[in-house]
There are 2 protein chains.
Amino acid sequence: MASSAITPRPLPPTIIFGLVPIASWFIVRPFLEPVPSLPGLYTSIGFSVFALITTLYLVPALGPTFKTKLSGRDLLKVYTDPIPESLGLVCASVYILALILFIPFAFSDSLTMKSMQTPEGIVVTEFPHSRLAVYLSSLLSLLIATILGFLDDIFDIRWRHKLPIPIIASIPLLMVYFAEGGNTHIVVPLPLRFLFGSLVNLGPLYYLYMSLLSTFATNSINILAGINGSEVSQALIIAISVILNDLLYLPWPIGFHLPVHLLGSKAEVEFGGVWSAGMAYGSKELVERHLFSLYFMLPLVAVCSGFMYHNWYPARVFPGDTLCYVTGMAFAVVGIQAHFSKTLLLFFLPQIFNFVLSCPQLFGLVPCPRHRVPRFDGNTNLLHPSKALFMKPPSSLTSSVLRILAILKLVDLTTHPSTGVILETTNLTILNFFLVRLGPMNEKRLVQVLMCSQIAGSILAFTVRYGLSGLVYDGDRR
Amino acid sequence: MASSAITPRPLPPTIIFGLVPIASWFIVRPFLEPVPSLPGLYTSIGFSVFALITTLYLVPALGPTFKTKLSGRDLLKVYTDPIPESLGLVCASVYILALILFIPFAFSDSLTMKSMQTPEGIVVTEFPHSRLAVYLSSLLSLLIATILGFLDDIFDIRWRHKLPIPIIASIPLLMVYFAEGGNTHIVVPLPLRFLFGSLVNLGPLYYLYMSLLSTFATNSINILAGINGSEVSQALIIAISVILNDLLYLPWPIGFHLPVHLLGSKAEVEFGGVWSAGMAYGSKELVERHLFSLYFMLPLVAVCSGFMYHNWYPARVFPGDTLCYVTGMAFAVVGIQAHFSKTLLLFFLPQIFNFVLSCPQLFGLVPCPRHRVPRFDGNTNLLHPSKALFMKPPSSLTSSVLRILAILKLVDLTTHPSTGVILETTNLTILNFFLVRLGPMNEKRLVQVLMCSQIAGSILAFTVRYGLSGLVYDGDRR
């Protein structure tokens with residue numbers, strides 16, 4: 001049993017042999033007549049399937065090499081064998097290489113070519129250099145996030161020092177946005193328009209907002225970690241949610257309706273129609289933005305799926321901080337570049353919940369041990385909520401906060417039987433919260449619960465975005 | 001004595017206090033009236049000086065952190081204390097960060113703005129998106145070279161496996177060149193024009209050529225290594241040579257002449273003249289290319305100088321492969337993007353000599369030990385040529401090659417006194433060649449000899465480029 005956990009998980013050859021022809025077809029298809037309306041999307045899917053295959057192979061192949069320099073014990077297992085750490089670097093490398101090789105195809109869509117009429121009346125199709133620059137700056141940010149994540153894995157930077165790291169990684173985004181004279185206006189929600197008007201120019205604050213979005217997306221995934229598969233499953237579900245959202249804006253060849261009025265939206269939202277560009281209502285700009293987002297999210301789903309195969313309980317490899325940094329940065333990139341950062345944040349509901357719940361520990365109100373992962377009971381193979389011990393009686397502020405959290409059933413408190421002073425609290429993370437509410441469970445079940453909460457969060461996000469946002473925003477989008 | 005070698009070299013505070021105002025002035029100057037004709041160049045110099053200061057500070061500050069994970073013994077010293085390794089990563093990070101922060105200034109020169117007339121007759125100044133994409137793809141290649149160099153340092157990749165690594169780093173260059181429909185024609189030398197015409201389209205071979213240039217520039221610096229300061233001094237002198245060459249093409253406010261006809265050039269070469277753009281003869285395209293090159297070379301000189309201060313004999317820190325990868329890639333980038341790859345190769349004369357001399361060992365004709373650095377004699381503190389031992393008598397081919405090299409006084413052979421069979425040869429590197437020709441010397445002297453040979457190579461390169469190239473090329477440049 002112990003030895004099976006550290007040998008690589010075998011790869012079913014049928015999957016590989018089945019995937020290669022599928023990937024090849026998607027890559028060849030745009031070169032065949034009739035050319036599909038979005039040829040780049042076919043190529044992107046083909047590249048993503050190859051990225052999946054490569055990740056499935058490379059992660060176990062490079063595991064032993066990584067283990068010589070980077071390994072860790074799985075704290076929630078009975079065995080103590082070292083597990084290769086930081087294999088997220090392999091995912092990041094495959095992901096970024098796929099995106100780089102995709103450069104010549106990213107702007108091949110007829111729809112993205114800018115046609116211009118010269119003074120002589122000749123129509124010239126111009127290469128979209130400006131969008132290429134945006135694409136490249138996104139790649140730069142992803143690469144920097146990868147380097148910094150890997151350095152964090154190697155030198156084990158303290159969390160207070162690493163909080164601002166994603167800001168460094170976001171600099172290329174900001175610089176290119178600035179150099180290109182990017183728009184820093186935001187649309188004001190309807191109830192606030194009497195104060196600010198319909199558009200507000202945030203100016204430098206917009207750049208601060210972009211940096212903070214990168215910081216949030218990266219760190220919020222990084223602190224919801226500790227059990228097998230937790231990091232990569234979050235990234236996978238968020239990426240799939242972003243893809244579903246993007247698909248709503250593509251020019252589908254068929255029209256379709258969703259009964260959005262049932263959710264309280266004032267207007268019926270109509271999707272699709274030939275070249276009516278789905279929710280984009282014929283806006284080429286919106287189609288381009290969501291295509292951009294798809295090009296970054298499809299290979300991300302691929303490498304995350306491939307990695308998850310080897311990181312699933314019981315994990316054969318660990319992702320390291322590298323995976324959290326690169327996936328978080330990828331979400332920030334699409335949210336910023338494709339201008340749907342508010343929608344993106346809605347897909348982070350469990351992360352926001354976890355962050356808010358963690359605040360008393362992050363900001364020193366409650367003692368914060370080095371690891372806040374649930375406690376493992378080797379006899380029953382179950383996880384229990386881990387606890388933070390008060391070495392001295394907590395302040396009245398801390399006590400009040402914890403008692404409110406206990407009333408909300410977010411924590412379990414251990415109090416002194418006679419004085420009622422708080423002696424211990426369960427650690428303030430979403431994982432411990434699940435264990436407090438649902439009782440002890442094994443690690444595999446806990447990651448499944450986490451994934452269900454992430455999916456539920458995304459469903460809620462879509463409901464809010466397309467059902468309720470009509471209450472605070474009109475159709476005006478920038 | 002032993003302890004002094006591993007404590008960081010102290011920084012004279014006067015240097016720092018003197019440099020900060022200089023750097024600040026260069027950054028502020030472009031904002032003052034009258035605006036200089038090349039404002040971006042001022043900013044670049046200012047950023048470079050700050051990069052120098054940062055490198056001077058950060059290398060010793062981060063040394064202890066690196067030493068915990070990456071350290072090596074200095075093989076050519078009497079002491080055995082571990083020296084922090086891979087500090088080239090700090091140089092690479094400072095270098096790339098400086099280049100990223102420079103993005104908004106890189107295209108601020110009035111001369112680089114493309115003015116366009118709309119059909120209505122209004123002149124619109126258009127942002128040079130295409131050149132931004134080229135700049136960003138260069139940064140991507142540098143970042144990938146950094147990551148791969150660092151991975152090489154950590155996992156110690158075998159040299160046969162790492163030879164093609166720079167090809168991966170050059171992919172972003174190639175992809176963007178391709179996506180932008182880059183020119184793949186080359187100008188044919190005059191003596192060959194009767195065969196090929198004046199221009200030849202290399203097509204895909206041009207991309208192969210670009211990859212190979214990256215591979216050569218990177219690996220040729222990497223194999224000329226092993227003594228304190230050797231890697232960084234090569235990079236420094238090549239970078240300065242490239243800068244001197246670039247300066248010839250800038251629009252100098254004064255005209256000047258060089259007596260190039262004395263070197264055998266048919267035409268007098270005229271430099272300078274107000275806006276006649278030096279050797280660029282008023283070509284805006286050439287000025288832009290060499291400005292691009294300067295923007296990449298100035299901060300490189302800065303970080304290399306800063307690093308050299310700490311890497312100079314006796315070295316307090318080692319560069320690791322990271323420094324060789326990032327500097328080699330930087331040279332390839334400017335050679336390719338600014339279209340002077342042939343001139344660039346001329347600055348690599350000592351590296352080419354070293355590579356050609358090394359071939360019998362690299363390709364297995366002569367045994368190749370793990371380290372080919374000179375042998376250190378602790379009693380005299382002198383370096384002697386290191387030797388490769390033949391375990392069995394060499395083949396007749398190997399013997400012939402070595403005897404020719406011995407006649408050319410490139411190697412010293414040890415032969416069996418009676419049979420004349422070769423028993424040993426000095427290792428085939430330029431460093432051992434210097435020791436064979438000039439006799440044993442200490443490490444500091446040897447690196448000075450290496451630097452002198454690099455400078456002599458650059459002087460020869462300028463002579464060939466501006467004195468003799470008129471014999472095989474006319475003024476046609478693409």
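Below, all heavy atoms of this structure are taken into account, side chains as well, without hydrogens, waters or symmetry copies.
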(message) Looking only at heavy atoms and a cut-off of under 4.5 Å, which of A:Leu140, A:Val176, A:Leu143 has the most pairs with chain B?
(response) A:Leu140

(request) Output the option from A:Leu139, A:Leu151, A:Leu136, A:Thr65 having the highest count of non-hydrogen pairs under 4.5 Å with chain B. (result) A:Leu136

(request) Return the orientation label for the A:Phe155 and B:Phe66 ring planes: parallel under 30°, perpendicular over 60°, tilted otherwise. (result) tilted

[atom2] on [Y] to [atom1] on [X], rounded to 0.5 Å:
| X | Y | atom1 | atom2 | answer |
| --- | --- | --- | --- | --- |
| A:Ser86 | B:Ile154 | OG | CD1 | 9.0 Å |
| A:Ile96 | B:Ile147 | CD1 | CD1 | 6.0 Å |
| A:Lys69 | B:Asp156 | NZ | CG | 7.0 Å |

(request) Evaluate the side-chain proximity of B:Leu97 to A:Ile171: yes if any heavy-atom separation is below 4.5 Å, no if none is. (result) yes

(message) Within the 4.5 Å heavy-atom criterion, are B:Phe178 and A:Ile103 side-chain neighbours or not?
(response) no

(request) Look at B:Leu70, B:Thr146, B:Leu101, B:Thr68 and state which one has the largest set of heavy-atom pairs under 4.5 Å with chain A. (result) B:Leu101

(request) Kindly write out the residues that satisfy salt bridge (charged side-chain N to carboxylate O under 4.0 Å, His left out) with B:Asp153, not counting sequence neighbours, or none if the list is empty. (result) none

(request) Start with the C-alpha gap between B:Ile100 and A:Ile144, add the side-chain angles, then the distance that decides, and say whether side chain to side chain contact (heavy atoms under 4.5 Å, CB included) holds. (result) CA-CA 11 Å; B:Ile100 289 175; A:Ile144 296 178; 3.5 Å; yes

